[in-house]
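First comes the structure, then the notes that go with it.
A note on names: the letters A, B, ... follow the listed sequences, proteins ahead of strands, and every chain is numbered from 1. What you see is a predicted model, and the numbers here were worked out from it, not measured in a lab.
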Amino acid sequence: MLDLRRIRAEPDIVKAALERRGHDAGVIDHVLDLDRHHRAVGEERDQLRREISVLSKEVGQLRRTGAADADELTARSRVLGQAESTLAARADELAGAVREHLLRMANLPALACPDGMDEHANVVLRVENFDPQGYAAHQRVPHWEIGAALGILDVERGAKMSGSMFVLYRRKGAALVRALVQLALDRNADAYEEIRPPTLVRTDTMISTGHLPKFIDDAYHLERDDLWAIPTAEVPLTSLARDEILDESELPMRLMAHTSCFRREAGSAGRDTRGLLRVHEFDKVEILAYTTPAQATAAHDDILGRSEALIRDLGLAYRIVDICAGDLGSSSARTWDIEVFAPGVDRWLEVSSCSWFGDYQARRANVRYRPSGQKGTQFVHTLNGSALAVPRVWAALVETYRQSDGSVALPAILAPYMRGDPVITAR
RNA sequence: GGAGCGGUGGCCGAGUUCGGUCGAAGGCGCUCCCCUGCUAAGGGAGUAGGGCCCUAAAAAGGUCCUCGUGGGUUCAAAUCCCACCCGCUCCGCCA
């Protein structure tokens, strides 16, 4: 969430930044009103508490020494106590209202983030390895057809057991899922600590990354135990250091995790959902860093660089997209997407989102560090990106590497992860 | 799921019997200083986080909150009561 003191000090800057997202900046004035009121009430309350505490200490003195009767003092204090509890209740109410607004407010886009109100204004920074004329007819087959023909993707049976937008992989299709996960983990193990976190988390954990309360309809919830299925490993990884104070020497702290990810995708039924384009459950390797503010830029570059290198080495066509302010994820200040070209469906598919969150998530998760040589603490910055999101990469690979005989010959880099044989043929 | 015990600062740990002089002994760690040919050892000082006020801002200062979380009792709660969360031990169940 945003720093309330910054909103107080620079309301116009904050408003302008929110407006770049197309958000209504009117909330800011409302929040400032609530905040002013809250501080006034809080001060009155603190003053009463002060008086009560002084009286109580005097009562204690009298009782111990037995010098005089304390009844008069306790009576006075009791009256103050009644007034105090009224004010305290009011102050709590106001504080709650402020917090509720802050939790629903998006992060401010970075200055460098391009202007624009929707995805059409996103800026393509680079296109790599892409030749629109360079695809043969046999590559122009959608992955769901290839998957069905080779017996490696079973959309129907996925739907039978779990509903639409749940899929199951078979044979070398399933092996390819594992291969991609393993490859992504291996390539980042030099700098990122591997974590295998829980996939079911508490409400607080979802709030920390910004997935709640605003996006409650996008998440699966297990009511009986009040647990949420994570939409990305970003959620547990960002809470790894929740409520902790890190030492500056520990930063940047780099983590990666392979998890299943669960997304309800409410409202997207029927739209761009065929095959693997959009599924409710998928595997992803996420990489994440906690940094000092000064380290953030380098960490962002590192995450993009690693994600990009993996896609490049898989031989896919891809482009890097700088997401404009109006299309930015709610918690992010700056996001670069990687989109791969899938020739069979003839479109660019988003396979990675590399984001810098500033201290927006750290403030929610209360992750701080001690700057060495200084007093006090500061919020860390958080950054993350998908090292590899399986389904769409799987789709692009199968389409790109489809041969004229209908088989799929995957790149050699995957061979070690597929028992030495990256060629997929019909049974 | 049942029974018992526990949750205190960066870490360990006393305090809870019998509420007040406790935001908290002692230790470890860390920072600074002294001593020291170097190292080790030793001596001294400091060292929780956060809100608000003050300030151009900071420092200093003032004040409030925080001893797992939330509520209650009381003039006054780390300490008493209730609920919940988490941990450990035992029992039950189980991949």
Counting the atoms with a prime plus P, OP1 and OP2 as sugar-phosphate, which does A:R76 contact under 4.0 Å by heavy atoms, base, sugar-phosphate, or nothing? nothing
If we take the C1' atom in both B:rA77 and B:rC18, what is their distance in whole Å? 14 Å
To the nearest angstrom, how far is A:R49 atom CZ from B:rG23 atom C1'? 16 Å
Examine the side chains of A:S331 and A:N107 and answer whether a donor and an acceptor come within less than 3.5 Å of each other. no
Between A:R370 and B:rG49, does any side-chain N or O lie under 4.0 Å from OP1 or OP2? yes
Gap in Å between the two P atoms, one belonging to B:rG49 and one to B:rC54, rounded: 24 Å
Please work out if A:T74 contacts a base, only the sugar-phosphate, or nothing of the nucleic acid, heavy-atom cut-off 4.0 Å. base
4.5 Å side-chain heavy-atom contact, A:V345 and A:R274: no
Specify the separation, in whole Å, of atom CG of A:L4 and atom P of B:rG50. 16 Å
So which nucleotide does B:rG9 pair with, by the Watson-Crick or G-U wobble rule with both distances under 3.5 Å? none
Rounded distance in Å between the P positions of B:rA58 and B:rG71: 31 Å
Just the rounded figure in Å: distance from P of B:rU73 to CD of A:Q82. 11 Å
Apply salt bridge (Lys or Arg N to Asp or Glu O under 4.0 Å) to A:E43 and A:R39, showing your working. CA-CA 6 Å; A:E43 260 185 87; A:R39 279 183 292 158; over 6 Å; no
What's the gap between B:rG87 and B:rU8 when it is taken at their P atoms, as a whole Å value? 14 Å
What are the residues of residues 5-15 of chain A, sorted by number, that bring a heavy atom to within less than 4.0 Å of RNA chain B? A:R5, A:R8
Nearest-Å distance for atom pair CZ/P, residues A:F379 and B:rG51: 8 Å
Out of B:rU63, B:rG49, B:rC75, which nucleotide sits closest to the side chain of A:R368? B:rG49
Write down the atom of A:Y417, the atom of A:L183, and the distance for their closest heavy-atom approach. CE1-CD1, 3.6 Å
Using a cut-off of strictly less than 4.0 Å, decide whether A:S77 has a side-chain nitrogen or oxygen near OP1 or OP2 of B:rA76. no
Are A:L314 and A:V340 packed together at the side-chain level, in the sense that at least one heavy-atom pair is separated by less than 4.5 angstrom? no
If the cut-off is 4.0 Å, is A:R39 near the phosphate of B:rC53, judged by side-chain N/O to OP1 or OP2? yes
Could you list by number each residue of residues 86-103 of chain A showing a heavy-atom separation from RNA chain B of less than 4.0 Å, or answer none if no residue does? none
When the C1' atoms of B:rG62 and B:rG4 are compared, how many Å lie between them, rounded to an integer? 47 Å
Take the protein atom CD of A:E84 and the nucleotide atom P of B:rU63, then report the distance between them rounded to whole Å. 17 Å
Say you pick atom P in B:rC67 and the same atom in B:rG9; how far apart are they, in whole Å? 10 Å
Is there a side-chain contact between A:W356 and A:T382, using heavy atoms and a 4.5 Å cut-off? no
So, is A:R63 near the phosphate of B:rC75, with a side-chain N or O under 4.0 Å from OP1 or OP2? no
Whole-Å distance, A:D71 CG to B:rC75 C1', equals 10 Å
Give the minimum heavy-atom separation between A:P422 and A:P411, together with the two atoms involved. CB-O, 4.1 Å
Passing candidate, side-chain hydrogen bond (donor to acceptor under 3.5 Å, both in side chains) with A:Y220, options A:R264, A:H280, A:R263: A:H280
Watson-Crick or G-U wobble mate for B:rU39, both contacts under 3.5 Å: none
Between A:R76 and A:E72 (salt bridge meaning N to carboxylate O under 4.0 Å), is one present in this structure? yes
Paired to B:rA25 by Watson-Crick or G-U wobble criteria (both distances under 3.5 Å) is none
Would you say the side chain of A:R8 lies within less than 4.5 Å of the side chain of A:L32, judging by non-hydrogen atoms? yes
Taking the P atom of each, how far is B:rG13 from B:rG70, in whole Å? 24 Å
Between A:R278 and A:D272, does any side-chain N to carboxylate O distance fall below 4.0 Å? no
When rounded to whole Å, the CD to C1' distance for the pair A:E44 and B:rU63 reads 15 Å
In the structure shown, which nucleotide is the Watson-Crick or G-U wobble counterpart of B:rA76, with both distances under 3.5 Å? none
Closer to the 5' end of RNA chain B via nearest nucleotide, is it A:Q47 or A:R202? A:Q47
note: A:K57, atom NZ; B:rC64, atom C1'; distance rounded to Å ~ 12 Å
P gap between B:rA60 and B:rG1, integer Å: 50 Å
Hey, are the side chains of A:Y369 and A:E250 touching, using non-hydrogen atoms and a 4.5 Å cut-off? no
Check whether any side-chain nitrogen or oxygen of A:R78 sits under 4.0 Å from OP1 or OP2 of B:rC75, and answer yes or no. yes
